[in-house]
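Below: one structure, written as structure tokens.
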Amino acid sequence: MSAFQTAIVPAAGLGTRFLPTTKAVPKELLPVVDTPGIELVATEAAEAGATKLVIVTSPGKDAVAEYFRPQPELEATLEERGKADLLAKVRRAPNLLTVETAIQDKALGLGHAVACAEGNLTGADDAVAVLLPDDLVLPTGVLSKMAAVREKLGGSVLCAFDIPKEQISAYGVFDVKDTGDDDVKQVVGMVEKPKPEDAPSTFAAAGRYLLDRSIFDALKRITPGAGGELQLTDAIALLINEGHPVHVVVHRGGRHDLGNPGGFLKAAVDFALEHPDYGPELGEWLRARLAGS
């Protein structure tokens, strides 16, 4: 049995940094080479043991969940034409896990988005994973490590990156204690975007959470912060103050931020360079392009 069965992906945003494209195409469906970011995140969740994906979306963004539905007519056409490779790609997302939606009517913060998914849970959901679709954490596998830590230590487990101190003010930063494992830290507090000299550590929050079911009670008891938003970190801080065990797994890999065009382009180039069909030619073109710049 996995430490969790349900993964929540908040995807209700307007994608304003990608306008005008996102007038018609949800940001989560923009392709990283040939695969939408939402599928990459769903695949990561499934590999870590999730059997259900709850996409928290907003009215009018039905296409995100629709992407995970079978397309019988398209599949039949591809099969008739002998397009086996394309058929496998089309069937890949619908076969990953069961997909449900929860509606967030107003953008009231990440904590509010997570709370919107509570009605999709069952009595078997002692913990839930939350994956932010803008964050690609590479290589995949950190969620499985987080699940193993929860199995051992209980409570909630978050993902952290070790960030150079001069860059730390752009992140939420954990105040931690050692556990005897360099890659696992106990969280005793959290500070949002501190000055480098005030940061309690260099361990910054990433977009992966494995949260005990008690997070939903905590979300009901926090008050809105700036902009009237309910912050997930405030609910986690409340649990810490009440003695709930919270740990971070320090991820030693890389990440891509799909939430802005610059980060999205870096991810697309990175993935394309690794693609057997596109990588060699793209690498040659990039070298020639940079040499001529």
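Count residues from 1 along the sequence. No hydrogens, no waters, no symmetry mates; every other heavy atom, side chains included, goes into these values.
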Show the atom names and distances, to 0.1 Å, of all donor-acceptor pairs under 3.5 Å that link a side chain in residues 186-195 to residues at least two apart or in another chain.
none

Donor-acceptor contacts, no H, no angles, side chain residues 269-278, under 3.5 Å, sequence neighbours left out:
| from | atom 1 | to | atom 2 | distance (Å) |
| --- | --- | --- | --- | --- |
| Asp270 | OD2 | His256 | NE2 | 2.7 |
| His275 | ND1 | Asp277 | N | 3.0 |

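Val184 places a side-chain heavy atom less than 4.5 Å from the side chain of Leu153. Side-chain contact between Gln231 and Ile222: absent, with no pair of heavy atoms (C-beta onward) separated by less than 4.5 Å. Contact check for Leu211 versus Leu232: side-chain heavy atoms found under the 4.5 Å cut-off. Side-chain contact between Glu242 and Arg221 is present, with heavy atoms from C-beta onward closer than 4.5 Å. The shortest side-chain heavy-atom distance between Phe264 and Val32 falls under the 4.5 Å cut-off. Contact annotation: the side chain of Leu108 never approaches that of Leu230 to less than 4.5 Å [non-hydrogen atoms, C-beta and beyond]. Annotation: side chain of Ile38 is in contact with side chain of Leu29 (closest heavy-atom distance under 4.5 Å).
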Worked check of side-chain contact (heavy atoms from CB on, under 4.5 Å) between Asp178 and Lys185
CA-CA 5 Å; Asp178 289 337; Lys185 309 289 183 182; 2.9 Å; yes

Could you walk me through whether Lys152 and His247 pass the side-chain contact (heavy atoms from CB on, under 4.5 Å) test, one step at a time?
CA-CA 11 Å; Lys152 181 179 179 181; His247 294 82; over 6 Å; no

For Val250 and Asp182: C-alpha separation, side-chain torsions, deciding distance, then whether side-chain contact (heavy atoms from CB on, under 4.5 Å) applies.
CA-CA 8 Å; Val250 182; Asp182 287 344; over 6 Å; no

Applying side-chain hydrogen bond (donor to acceptor under 3.5 Å, both in side chains) to Ser156 and Asp212, what does each step give before you reach the verdict?
CA-CA 5 Å; Ser156 296; Asp212 188 86; 5.7 Å; no

Could you walk me through whether Asp181 and Thr179 pass side-chain hydrogen bond (donor to acceptor under 3.5 Å, both in side chains), step by step?
CA-CA 5 Å; Asp181 182 337; Thr179 65; 5.6 Å; no

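Asp257 CG to Asp135 CG: the interatomic distance, rounded to the nearest 0.5 Å, is 6.0 Å. Separating the NZ atom in Lys89 from the CZ atom in Arg91 is a distance of 15.0 Å, to the nearest 0.5 Å. Rounding to the nearest 0.5 angstrom, the gap separating the CG atom in Asn260 from the CG atom in Asp134 is 8.5 Å. Going from atom NZ of Lys165 over to atom CD of Glu197 covers 8.0 Å, rounded to the nearest 0.5 Å. Within the model, atoms CD1 of Ile215 and CG of Leu219 stand 5.0 Å from one another, a figure rounded to the nearest 0.5 Å. Remark: Thr6 OG1 to Leu121 CG distance equals 5.5 Å, nearest 0.5 Å.
Cluster membership check: Phe216 shares its hydrophobic cluster with Val246, using side-chain heavy-atom separations under 4.5 Å among Ile, Leu, Val, Met, Phe, Trp and Tyr. There is a path of hydrophobic side-chain contacts, each under 4.5 Å, that joins Phe18 to Leu136. Clustering ILVMFWY residues whenever any of their side-chain heavy atoms sit less than 4.5 angstrom apart, transitively, puts Val137 in a cluster other than the one holding Leu158. Linking ILVMFWY side-chain heavy atoms closer than 4.5 Å, directly or via other members, places Phe68 and Leu40 in a single hydrophobic cluster. When hydrophobic clusters are built by joining Ile, Leu, Val, Met, Phe, Trp and Tyr residues whose side-chain heavy atoms come closer than 4.5 Å, directly or via intermediates, Val56 is not grouped with Tyr67.
The local environment of CD in Glu73 is sparse, with at most 12 non-hydrogen atoms from other residues, nucleotides or ligands closer than 6.0 Å. Within 6.0 Å of NZ on Lys266 lie no more than 12 heavy atoms contributed by other residues, nucleotides or ligands. Within 6.0 Å of the CG atom in Leu14, the count of heavy atoms belonging to other residues, nucleotides or ligands does not exceed 12. Counting heavy-atom neighbours within 6.0 Å of Glu281 CD, excluding the residue itself, gives a total of 12 or less. Atom CG of Asp198 sits in a crowded spot, with more than 12 heavy atoms from other residues, nucleotides or ligands closer than 6.0 Å. For Arg81, the CZ atom is loosely surrounded, since the number of other residues' heavy atoms within 6.0 Å does not exceed 12. Within a 6.0 Å radius of CZ in Arg17, no more than 12 heavy atoms belonging to other residues, nucleotides or ligands are found.
The two residues Pro200 and Val173 come nearest to each other via the heavy atoms CD-CG1, 4.0 Å. Across all non-hydrogen atoms, the minimal contact from Leu132 to Pro10 is CD2-CG, 4.0 Å. Residues Arg69 and Val99 come closest through the heavy atom pair NH1-O, 3.2 Å. For the pair Val142 and Cys159, the tightest heavy-atom approach, listed with the atom from each and the gap, is CG2-SG, 3.8 Å. Contact between Ala218 and Ala235 at its shortest, heavy atoms only, is CB-O, 3.8 Å. The two residues Pro133 and Leu258 make their nearest non-hydrogen contact at O-CD1, 3.8 Å.
A side-chain hydrogen bond (donor to acceptor under 3.5 Å, both in side chains) check over residues 50-59, counting only residues at least two apart or in different chains, returns nothing.
With hydrogens and angles ignored, the 3.5 Å screen pairs no side-chain donor or acceptor of Ser201 with any backbone N or O of Val176. Here the side chain of Lys83 pairs no donor or acceptor atom with the backbone of Thr77 at under 3.5 angstrom. Counting only distance, with no hydrogens or angles, the side chain of His251 and the backbone of Leu138 share a donor-acceptor pair below 3.5 Å. Using a distance-only test at 3.5 Å, with no hydrogens or angles considered, a donor-acceptor pair links the side chain of Glu75 to the main chain of Gln71. At least one donor-acceptor pair under 3.5 Å links the side chain of Asp125 to the backbone N or O of Thr122.
Each of Val64, Thr16, Thr21, Thr22 was checked for a side chain to side chain contact (heavy atoms under 4.5 Å, CB included) with Lys27, and the lone residue meeting it is Thr22.
For Arg255 and Phe161, the positive end sits near the middle of the six-membered ring, less than 6.0 Å away and at most 45° from its axis.
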